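Heads up, the thing below is written out as structure tokens.
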2 protein chains.
Amino acid sequence: MNTLPAKTVERLSEYRRTLMGCLNAKRNYIYSHQLASLLHITAVQVRRDLMLIGYSSVLRKGYDVRELIDTIGRIIDSEETMNVAIIGIGNLGRAVAGYFKGKRSKLNLVASFDNDPQKVNKVISGVRCYPYQEMEKLMGELNIRIAILTVPADYARETAENTIRFGIKGILNFTTVPLNVPSGIFLEEYDMITSMEKVAYFVKENRF
Amino acid sequence: MNTLPAKTVERLSEYRRTLMGCLNAKRNYIYSHQLASLLHITAVQVRRDLMLIGYSSVLRKGYDVRELIDTIGRIIDSEETMNVAIIGIGNLGRAVAGYFKGKRSKLNLVASFDNDPQKVNKVISGVRCYPYQEMEKLMGELNIRIAILTVPADYARETAENTIRFGIKGILNFTTVPLNVPSGIFLEEYDMITSMEKVAYFVKENRF
DNA sequence: TAAACATTGTTATTTTATTAACAATAAAAA
DNA sequence: TTTTTATTGTTAATAAAATAACAATGTTTA
Ligand SMILES: NC(=O)c1ccc[n+]([C@@H]2O[C@H](COP(=O)([O-])OP(=O)(O)OC[C@H]3O[C@@H](n4cnc5c(N)ncnc54)[C@H](O)[C@@H]3O)[C@@H](O)[C@H]2O)c1
Ligand SMILES: NC(=O)c1ccc[n+]([C@@H]2O[C@H](COP(=O)([O-])OP(=O)(O)OC[C@H]3O[C@@H](n4cnc5c(N)ncnc54)[C@H](O)[C@@H]3O)[C@@H](O)[C@H]2O)c1
């Protein structure tokens, strides 16, 4: 299949998250407009996204929740589990680790790396923290493909470059520093302040 | 002026962040292509955004960094400071507070609210934590307009509804739960897992 | 059974966002 | 001084995303 639009991928992730909630609540079928309204989007959007991944409902009964979860998984998850590491297990790193650990079967948070002697070789937020110096060795051994970057801003560039040198293929960058990555490496950046300023702007304008 | 496109607002925030970095590095002028390359976007994008806010450069010398920072501020910041509170000062709340506190002059983190007796009436990550029960009173007294929601998922709906009842106009929701807000309230949601799954998908596809 | 209905998958249309094109302009070079 | 050059602001073109429209199809109900 062709690569899906980034927005569709994001929504598929959200659909799955929501659908898992439905399963928990013992709901086994769901109509497009119901799923849509849980996520505050339109039913057309849902149907169009599902069309793109070729999923068909049981007519007039809605989508089979469990089946749809599986289908989305087959599309957006990798075949074998993809291993993830957190670089810099400080305040944000710990929050992220705690939230993330064990949430997805195909996305496995296997390590954190830090240079604080107080932290290394301890289990923090459910994840073993390794010395930063061992990153090269362990990235290979543990087959880590994705890095979550939560080091202080001053070290962002340097640590990112290292993760790439050691074989990482994707980076989720939470530091303030915009990174430069070579082609072939997928980079996603998120800065909370941008979100806050966006909220503040639209609150001020009160027109949206 | 007309409301700016959301994407432009996001980029203006990023421009400003980057420009402040330039100022720190004693750089006083910057060309559109230089700013663009710091953020990995195109120069046209930069120029178009600045056109929308009506900012003009000193020709052939580039944009005056300080002046541009001020102009962006006049557009995206509110006149008087806008007060912000964090609801639920746990792992994520603390990380956010520490990062955010004092970063923007017009966006002021003035309180956190929590129902853990161990936390209330202490200063945590630079912010005073108040008992959740006093939210109603204090939201008015402190004139809080924006809430950052970092409570456990199970309490997301309830606490969000309360903040709205008590006068909040914008919510930045970090919980897994998609919220339903009445019109007139601006809602921004962010879930790390969606970002992670997006990274994983494009790493898997290796085509982007 | 036949008519009305609810829901879907998909194509067509509209809207939004990005990129390209280019004339205008002043600085630098000839 | 004149020409070349670099850079801008803006309009025009393209691309991406969202929405609308609608035929198809079984379900319900009259
Ligand atoms: N994007 C966001 O929304 C957001 C929110 C909060 C914080 N942040 C950013 O995330 C980063 C981390 O914030 P924090 O509050 O967790 O900071 P922190 O100081 O609590 O944590 C940083 C961690 O990195 C470790 N570290 C320092 N240098 C290192 C190195 N060279 N190699 C490996 N580990 C190293 C430290 O020992 C510490 O454990 C900062 O850049 C901050 O600006 C971003
Ligand atoms: N969006 C993301 O990227 C992301 C990342 C990590 C965590 N999270 C989410 O953020 C939330 C907080 O995560 P965390 O790791 O900080 O959890 P946490 O348990 O460390 O913190 C939650 C805090 O909320 C307080 N609280 C509980 N009930 C409350 C109530 N009714 N009113 C006020 N305060 C209350 C608790 O006392 C605690 O201090 C969770 O919903 C988690 O899923 C989101």
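Given the structure is predicted, the values throughout are model-derived calculations rather than measurements. Sequence lines set the chain letters: A, B, ... in the order given, protein chains first and strands last, and positions in each chain run from 1.
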Between atom CG in A:D49 and atom P in D:dA16, what is the gap in whole Å? 16 Å

Considering only heavy atoms and no angle criterion, is a donor-acceptor pair shorter than 3.5 Å present between the side chain of B:R48 and the base of C:dT19? yes

Interatomic distance, B:E10 CD vs C:dT18 C1' [rounded to whole Å]: 15 Å

Exactly one of A:R11, A:R16, A:R17 should register a side-chain hydrogen bond (donor to acceptor under 3.5 Å, both in side chains) with B:T194. Which one does? A:R17

Enclosure of A:Y155 OH (heavy-atom neighbours >12, cutoff 6.0 Å): no

Would you indicate what B:T8 reaches in the nucleic acid, counting non-hydrogen atoms under 4.0 angstrom: base, sugar-phosphate, or nothing? nothing

Do you see a donor-acceptor pair shorter than 3.5 Å between the side chains of A:Y132 and A:N162? yes

Angle class for the B:Y190/A:F174 ring planes (parallel below 30°, perpendicular above 60°, tilted otherwise)? perpendicular

Residue A:E141 excluded, over 12 heavy atoms near CD under 6.0 Å: yes

Is any side-chain N or O of A:R47 closer than 4.0 Å to OP1 or OP2 of C:dT11? no

Strictly below 4.0 Å, heavy-atom distances to any atom of DNA chain D: list the hits from residues 28-44 of chain A, or just say none. A:T42, A:V44

Between C1' of C:dT16 and CD of A:Q45, the distance in whole Å: 13 Å

Round to a whole Å and report the spacing from CE of B:M51 to P of D:dT11. 6 Å

Rounded to the Å, how far apart are B:Y55 OH and D:dG9 C1'? 14 Å

Please check if any side-chain donor atom of B:S57 sits under 3.5 Å from a side-chain acceptor atom of B:R47, or the reverse. no

From NZ of A:K7 across to C1' of C:dT16 the rounded distance in Å is 10 Å

Protein-nucleotide distance (A:L68, atom CG; C:dT8, atom C1'), rounded to Å: 14 Å

Distance in angstrom units between A:R11 CZ and D:dA16 P, rounded: 15 Å

